[in-house]
Amino acid sequence: MSDFVYHASSTAPVNIATLKYWGKRDKDLNLPTNSSISVTLSQKDLRTLTTASCSSQFTKDTLWLNGSPHSMDTPRTKQCLNDLRTYRKELEASNEKLPKLSEMNLHIVSENNFPTAAGLASSAAGFAALVSAIAKLYELPQSASDLSIIARKGSGSACRSLFGGYVAWEMGSEADGSDSKAVQVATLEHWPDMKAAILVVSDDKKDVPSTSGMQLTVQTSDLFKHRVEEVVPKRFLQMKEAILKKDFETFGELTMKDSNSFHSVCLDSYPPIFYLNDTSKRCIKLVNLLNEAAGKIVAAYTFDAGPNAVIYYLQENEEIVLGLLHKIFGKLQGWENVDTAKLSIIDGFPVNLIDESWSSGVSKVILTEVGDGPLDTDEVLVDLKTGLPKN
Ligand code: DP6
């Protein structure tokens, strides 16, 4: 390839909601029926790295995901590219010296540092990295909130991955979605001691994809109306306040209650949707027993549209939270960076209840923490001579 290949790379994080997005008022624009809140997780453990490149020699927009080619011809991806090109065109119109990148085809190469098979929401990190990398390539002046509006059209939850720390997605009220965007509630530095243990639960059955699952809930669940009108609006304010005050007990209680509420409206859908399995339910029981023994909330579970448990806890309680998890899941992969000699089982925990069966169904542990938003990187995944993925 003789011609010049313009390129830029960016990484983006996974986020796990503590107040769940479930339901759309506009399917095409991914406009939600309620506002939501999430914690951004550290990219040391979970991230998508994307290189966006463009050249007058590229004959069509192409995407490679973890080594294999993927279509960019989906309505969601097309909307993201259109929006980004529109912003770039505005720049080019204001300064004629700028190269006409908006008219060139894109080659996008994207890689996750975690197995897609783990069933962790990779679309959020994926769309956030795609939007961030192209915005960087195009040198767009738009803010992270403006870019979150574009990522939202790729996948709703992706808008929250445009920020680090603690993030809210404000549902907005405009029909065109121009006010349905992510904003930062608090930075990583504000409350840096938030940890997350992810128990990856093996799952044979294929879950109902979240997009169709939420449509079914909106159409058929009576409980859903109560959730979006009464429950979530109050919780949204309370959870933001708990984060600002670094009040883990309130944060944890709301997180667990909201996970329960979300899975209740799934069960109330017709036909019902089940994301939690018996292993997930054992994880819930474990967290409840731990909190009971501690006499306060030291750990909070939450589950997305699948059986994996995400358990939030604070650094100061690491010894007892991980002490228990290590006793049960210590043989699994994921403990490499933990000084297990420092861990202990909390006094008063009914250890006699725990037997071999408690570890069954969990395949792996991922120990992580609150992290940063999208980051620039010099790593380049595109071979600048051929315009194809390097590996
Ligand atoms: C349960 O963002 O994957 O994880 O907008 O259709 O792409 P689409 O859905 P998606 O749904 C995420 C649902 C959830 C809750 C949450 O992350 O808030």
Side-chain angles (χ1 to χ4, degrees), residues 12-41 46 48 74-80 116 118-131 148-163 166-172 177 180-182 185 196 198 201 203 206-219 221 224 227-228 231-232 235-236 239 254-267 269 273-276 280 301-310 312:
V14 163
N15 72 76
I16 298 291
T18 51
L19 188 60
K20 305 292 187 193
Y21 149 51
W22 196 252
K24 299 178 205 262
R25 63 177 198 278
D26 182 316
K27 188 164 75 46
D28 298 328
L29 292 171
N30 288 336
L31 296 180
T33 45
N34 65 262
S35 296
S36 55
I37 296 182
S38 59
V39 178
T40 295
L41 299 183
L46 304 163
T48 301
T74 64
R76 290 174 167 215
T77 309
K78 277 184 6 204
Q79 284 199 82
C80 294
T116 317
L120 294 161
S122 54
S123 67
F127 275 106
L130 176 94
V131 170
S148 81
I149 292 177
I150 303 179
R152 189 205 73 226
K153 297 181 192 175
S155 179
S157 55
C159 74
R160 297 186 310 241
S161 279
L162 262 294
F163 289 95
Y166 303 81
V167 187
W169 171 8
E170 295 174 343
M171 64 181 287
S180 185
K181 59 181 193 299
V185 175
I198 305 174
V201 174
D203 191 23
K206 193 86 197 85
D207 296 319
V208 181
S210 39
T211 307
S212 47
M214 58 179 97
Q215 288 303 101
L216 183 68
T217 304
V218 172
Q219 285 155 14
S221 165
F224 172 74
R227 168 170 166 79
V228 297
V231 180
V232 178
R235 239 171 230 168
F236 185 68
M239 191 171 284
L254 293 171
T255 296
M256 292 188 280
K257 283 185 168 172
D258 200 68
S259 175
N260 297 349
S261 160
F262 152 51
H263 290 280
S264 305
V265 296
C266 290
L267 185 62
S269 306
I273 308 166
F274 306 95
Y275 289 122
L276 306 180
S280 319
Y301 61 78
T302 186
F303 297 82
D304 278 347
N308 293 334
V310 177
Y312 285 115

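Each ligand, and each atom within it, is numbered from 1 in the order the structure gives. Predicted, not measured: the structure shown is a model, and the values here were computed from it.
Residue Trp169 places no heavy atom under 4.0 Å from ligand 1. Put simply, no part of Arg152 is less than 4.0 Å from ligand 1, judged by heavy atoms.
Lys20 and Thr302 share a side-chain donor-acceptor pair at under 3.5 Å.
Geometrically, ligand 1 and Gly156 share a nitrogen or oxygen pair separated by less than 3.5 Å. At under 3.5 Å, a nitrogen or oxygen of Ser155, whether backbone or side chain, sits near a nitrogen or oxygen of ligand 1. Where the criterion is an N or O separation shorter than 3.5 Å, residue side chain and backbone included, Arg160 meets it with respect to ligand 1.
In this structure, the salt bridge (charged side-chain N to carboxylate O under 4.0 Å, His left out) partners of Lys257, at least two apart in sequence or on a different chain, are Glu253.
Sorted by first then second residue, the salt bridge (charged side-chain N to carboxylate O under 4.0 Å, His left out) pairs that include residues 148-160, not counting sequence neighbours, are Asp83-Lys153.
Across Val265, Asn34, Val218, a single residue satisfies side-chain contact (heavy atoms from CB on, under 4.5 Å) together with Val228, and that is Asn34.
Atoms of ligand 1 found under 4.0 Å from any heavy atom of Arg76 (numbered from 1 in listed order, with element): 6 (O), 7 (O), 8 (P).
The closest donor-acceptor contact from the side chain of Thr33 to the backbone of Gly23 lies under 3.5 Å.
Residue Met214 holds the heavy atom nearest to atom 9 (O) of ligand 1 of all those in Met214, Gln215, His263.
Aromatic ring orientation, Trp22 versus Phe262: tilted (interplanar angle from 30° to 60°).
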